[in-house]
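We count ligands from 1, going down the list as the structure has it; atoms in each ligand are counted the same way. Quick caveat, the model's predicted, so the values are computed rather than measured. Note that these values count all heavy atoms, side chains included, but never hydrogens, waters or copies made by symmetry.
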Amino acid sequence: MSKDIPLQKYGFVKRDTPRKINLDPLQTGGILTPEANQALMEWGDGYSVCDYCAGILDEIKTPPIFDFIHKALPEFLGCDQARVTNGAREAKFAIMHSICKEGDWVVMDGNAHYSSLVAAERSRLNVKLVEKTPSPEYRIDPEGYGKAIEEIKESTGNVPSMALVTYPDGSYGNLPDVKAISRIVHSYGVPLLVNGAYAIGRMPFNAKDLGADFIAGSGHKSMASCGPIGVLGVSNEYAPKVLERSKFNKNKEIESLGCTARGATIMTMIASFPSVYERTKPENWQKEIENARWFSSELENMGMRQLGDRPHNHDLMFFETPVFYEISKKADRYFLYRELKSRSIHGIKPGLTKFFKLSTFGVGRENLGMVVDAFKEIIQKYEA
Ligand SMILES: Cc1ncc(COP(=O)(O)O)c(C=O)c1O
């Protein structure tokens, strides 16, 4: 027998982050609804959803996983077929791995998330990035996709086997012109994967309208679900490859390794779905954009600068904050984190003062006003 393991620090651990107001881009869209909180307790046992499983997760009728995956999700995502995965990255990997062959090329926007790059690496693909425009916009020019495809064609003799665009990206919250990108890549016969980790579940999103052949979304990031869970969407044209079943076990899809999100993760997604559906309606998303723009203008009035798309069209925003950086030289680099923490405002990374990103999603105008007031107070306190 090995040495005794000290167990004191394990068991139930309380989360002590004060987060009355949460601005963390990773977290705002993943906060559970009351229904999802309830589902978490009800379905928390490991394989709880499998009481009535006949061998195929997405065909479980009770609880209504079949209806959710085969009816509600494709309708919601605007795609022919949908599946749940263990995250956006697992959806991207499954798509790349099934569609591309080792050594193929994939073209991605220069704002692509690292998880898109590692999904390509794990699939043994080569990646060419479409350059973004310089600061302060960091825009992706759709024409860059045509140029990248031409370059790959010239050097390898073949077009890439896939293009990917991040909509919006996770640094600046920029929404590239996906329809234009889709037209360009399709003119070369290249299929398009839209990484909607920050779109699906927050804002109106329709794969067919965007011209996407594949989509990936994140439940824990944007669909008020406890992670890890994501969604994958695919057109009928590519579904046979992406959803191919095992020759050893006809019930099991290869790319999902047979089963994906199960237990609490899928049940929290289902529990939150009515609220998520509601919040993505254009009129509700419009309010989120108005809040983001209002918040951005308040920060700019204090001497900060919002980078990326202007006017901004998403809740995720990146700010250059020289006013806090100057204070940090006199105080220390953690002063902002401490001050916000003492006001129960969470989400700006500890130690960041020169620039930071945040999300206003679901925070509401009143709480955003409290953040604005907090920033004003902090500036006054340290500049006095
Ligand atoms: C733009 C973007 N895409 C994908 C992901 C990964 O999502 P998931 O955790 O669901 O794999 C992230 C996570 O930060 C992201 O910011």
(message) So, regarding E90 and ligand 1 (criterion: nitrogen or oxygen to nitrogen or oxygen, under 3.5 Å), is there a contact or not?
(response) no
(message) Quick test of your reading of the model: are E253 and R83 salt-bridged, counting only N-O distances below 4.0 Å?
(response) yes
(request) Work out whether the distance between some heavy atom of S115 and some atom of ligand 1 is less than 4.0 Å. (result) yes
(message) I'd like to check which ligand 1 atoms, numbered from 1 as shown, lie under 4.0 Å from a non-hydrogen atom of H220.
(response) 8 (P), 9 (O), 10 (O)
(message) Could you measure the distance from the CD1 atom of I270 to the CZ atom of F68? Nearest 0.5 Å is fine.
(response) 5.5 Å
(message) I want to check something: taking the side chain as every heavy atom from C-beta on, are F375 and L340 in contact at a cut-off of under 4.5 Å?
(response) yes
(request) Between H113 and ligand 1, find which residue part has any heavy-atom pair under 4.0 Å and reply side chain, backbone, both or neither. (result) side chain
(request) Taking only Lys NZ, Arg NE, NH1 and NH2, and the carboxylate oxygens of Asp or Glu, determine whether E151 and K128 approach each other closer than 4.0 Å. (result) yes
(message) So for T166, does at least one of its heavy atoms come nearer than 4.0 angstrom to any atom of ligand 1?
(response) yes
(message) Can you name the atoms of ligand 1, numbered from 1 with element, that are less than 4.0 Å from a heavy atom of G87?
(response) 10 (O), 11 (O)
(request) Give the minimum heavy-atom separation between P240 and N236, together with the two atoms involved. (result) CD-O, 3.2 Å
(request) Mark up the atoms of ligand 1 that fall under 4.0 Å of a heavy atom belonging to L26, in ascending order. (result) 14 (O)
(message) Tell me the protein heavy atom at minimum distance from atom 3 (N) of ligand 1, and give that distance in Å.
(response) N195 ND2, 2.9 Å
(request) Show which atoms of ligand 1 fall inside a sub-4.0 Å distance from at least one heavy-atom site of A88. (result) 7 (O), 8 (P), 10 (O), 11 (O)
(message) Under 4.0 Å between a side-chain nitrogen and a carboxylate oxygen: does that hold for E283 and K287?
(response) no
(request) Considering heavy atoms of the protein only, find what lies nearest to atom 11 (O) of ligand 1 and give residue, atom and distance to 0.1 Å. (result) R89 NE, 2.7 Å
(request) Using a strict 4.0 Å cut-off to heavy atoms of K92, name the atoms of ligand 1 that fall inside it. (result) 3 (N), 4 (C)
(request) For the residue pair Y337 and T353, establish whether any side-chain heavy-atom pair is separated by less than 4.5 Å. (result) no
(message) So for ligand 1, is K221 a polar contact partner (N or O within less than 3.5 Å, distance only)?
(response) yes
(message) So if I count the atoms of ligand 1 from 1 in the order they appear, which ones are less than 4.0 Å from some heavy atom of A197?
(response) 2 (C), 3 (N), 4 (C)
(message) I want to check a possible cation-pi pair here: K349 against F356, using under 6.0 Å from ring centre and within 45° of the ring axis as the test.
(response) no
(message) To check you understand the geometry: which heavy-atom pair defines the closest contact between V323 and M304, and what is its length?
(response) CG1-CG, 3.9 Å
(message) I'd like to check whether I229 has a polar contact with ligand 1, where a contact means an N/O of the residue lying under 3.5 Å from an N/O of the ligand.
(response) no
